[in-house]
Number of protein chains: 2
Amino acid sequence: MVDVFKALADETRRVILDELAERDEQTLFELCARLASKHGLASSRQAISQHLEVLEEAGLVRTEKRGRYKFHFLDTSPLEEIRSRWPARPAKEQ
Amino acid sequence: MVDVFKALADETRRVILDELAERDEQTLFELCARLASKHGLASSRQAISQHLEVLEEAGLVRTEKRGRYKFHFLDTSPLEEIRSRWPARPAKEQ
DNA sequence: ACCATATGCAAGTATCCACTTGCATGTCAA
DNA sequence: TTGACATGCAAGTGGATACTTGCATATGGT
């Protein structure tokens with residue numbers, strides 16, 4: 001298991017989440033193509049695959065295998081921990 | 001500069017934020033003492049000092065020097081990026 | 001069956017990062 | 001001023017991690 005914070009520590013993984021937020025249910029190959037063209041991401045298939053594993057272990061990505069394709073889905077629910085752990089407080093007026 | 005996500009990637013730094021959320025305006029020594037006793041944190045002064053630098057560079061901690069003391073304040077506003085970047089979406093009913 | 005496609009696995013490498021160690025600087029109290 | 005206290009600085013070390021490389025597995029189309 002990987003904690004959500006560590007999963008979010010890498011910018012490539014954050015861009016992957018951005019891309020899945022824009023278009024859910026993508027295969028590894030789709031993601032590679034769209035990340036390269038739309039986000040200027042020059043990562044290899046293996047690199048992205050490993051990032052997806054980390055995201056899945058952190059619960060931020062859910063997957064579903066159909067035939068030889070594996071589809072990836074965004075799951076934002078683990079972000080709730082971050083949203084609630086340090087509640088927004090009124091800024092100290094100086 | 002350190003990005004907010006990287007700053008949050010370390011559990012020790014997250015506990016420091018917890019402690020500052022509970023009691024704001026602490027010196028390095030106060031933080032060391034309270035982290036050790038209340039959070040079971042066994043980190044050295046230098047380690048915590050370096051963590052505070054990272055948190056400050058990420059904008060999560062603000063500091064104020066008075067005499068030989070340096071006080072640390074929590075600033076949760078950088079968390080807004082995380083709150084808003086991947087908005088909560090309705091879970092896909094399966 | 002065959003081949004192209006889509007993905008998985010695992011070892012190696014290079015960089016990053018948390019932590020230590022040792023010393024330096026600066027402030028207050030007597 | 002002297003000494004104790006609070007913090008700062010910087011080089012070194014071990015472990016984690018992002019990425020590569022090369023091969024393996026599996027599915028579908030013809």
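Numbers restart at 1 for each chain; the letters A, B, ... are given by sequence-line order, proteins then strands.
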Task: Residue pair A:Asp18, B:Arg85: steps toward the salt bridge (Lys or Arg N to Asp or Glu O under 4.0 Å) verdict - done: CA-CA 8 Å; A:Asp18 289 340; B:Arg85 182 156 174 181; 2.7 Å; yes

Tell me whether the side-chain N/O atoms of [X] come closer than 4.0 Å to OP1 or OP2 in [N].
{"X": "A:Arg13", "N": "D:dA18", "value": "yes"}
{"X": "B:Ser44", "N": "C:dT20", "value": "yes"}
{"X": "B:Lys70", "N": "D:dG8", "value": "yes"}

Open item on the list: Checking side-chain hydrogen bond (donor to acceptor under 3.5 Å, both in side chains) between B:His51 and each of B:Arg13, B:Arg14, B:Glu56, which is the one that passes?
Closed with: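 Between B:His51 and the candidates, side-chain hydrogen bond (donor to acceptor under 3.5 Å, both in side chains) is satisfied uniquely by B:Arg13.
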
- [ ] Answer with yes or no whether the side chains of A:Glu25 and A:His72 bring together a donor and an acceptor at under 3.5 Å.
- [x]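 No.
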
Nucleotide nearest [X] when distance is taken to its side chain, options [options]:
{"X": "A:Gln46", "options": "D:dG22, C:dA18, C:dC19", "result": "D:dG22"}
{"X": "A:Phe29", "options": "C:dT7, D:dG8, C:dA10", "result": "C:dT7"}
{"X": "B:Arg68", "options": "D:dA6, C:dT5, D:dA18", "result": "D:dA6"}
{"X": "A:Tyr69", "options": "D:dT7, C:dA6, C:dC19", "result": "C:dA6"}
{"X": "B:Arg45", "options": "C:dC19, C:dT7, D:dG8", "result": "D:dG8"}

TODO: Estimate the overall bend of the helix from C:dA1-D:dT30 to C:dA30-D:dT1 from the end axes over five pairs each, rounded to 10 degrees.
DONE: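 Axis-to-axis angle, ends of the helix: 30°.
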
Open item on the list: Minimum heavy-atom separation for A:Phe73 and A:Leu20, please, with both atom names.
Closed with: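 Here A:Phe73 and A:Leu20 meet closest at C-CD1, 4.3 Å.
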
TODO: Check B:Gly59 against B:Pro78 and note the closest heavy-atom contact, atom names and distance.
DONE: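 It is O-CG, 3.2 Å.
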
[X] [atom1] to [N] [atom2]: how many Å, rounded?
{"X": "B:Leu55", "N": "C:dC17", "atom1": "CG", "atom2": "P", "result": "14 Å"}
{"X": "A:Lys65", "N": "C:dG8", "atom1": "NZ", "atom2": "C1'", "result": "8 Å"}
{"X": "A:Glu53", "N": "D:dA18", "atom1": "CD", "atom2": "C1'", "result": "13 Å"}
{"X": "B:Gln50", "N": "D:dA6", "atom1": "CD", "atom2": "P", "result": "20 Å"}
{"X": "A:His51", "N": "C:dT7", "atom1": "NE2", "atom2": "C1'", "result": "17 Å"}
{"X": "A:Leu28", "N": "C:dG8", "atom1": "CG", "atom2": "C1'", "result": "10 Å"}
{"X": "B:Glu57", "N": "C:dA18", "atom1": "CD", "atom2": "P", "result": "12 Å"}
{"X": "B:Ile48", "N": "C:dT20", "atom1": "CD1", "atom2": "C1'", "result": "14 Å"}

TODO: Answer yes if B:Phe71 and B:Ile16 sit in the same cluster of Ile, Leu, Val, Met, Phe, Trp and Tyr residues linked by side chain heavy atoms under 4.5 Å apart, and no otherwise.
DONE: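 No, no single cluster joins them.
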
Task: 5'-most by nearest nucleotide on DNA chain C - B:Arg66 or A:Thr27 - done: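 Checking each residue's closest nucleotide, the 5'-ward one belongs to A:Thr27.
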
TODO: Using a strict 4.0 Å threshold on nitrogen-to-oxygen distance, state whether A:Lys38 and A:Glu19 make a salt bridge.
DONE: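 Result for this pair is yes, salt bridge flagged.
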
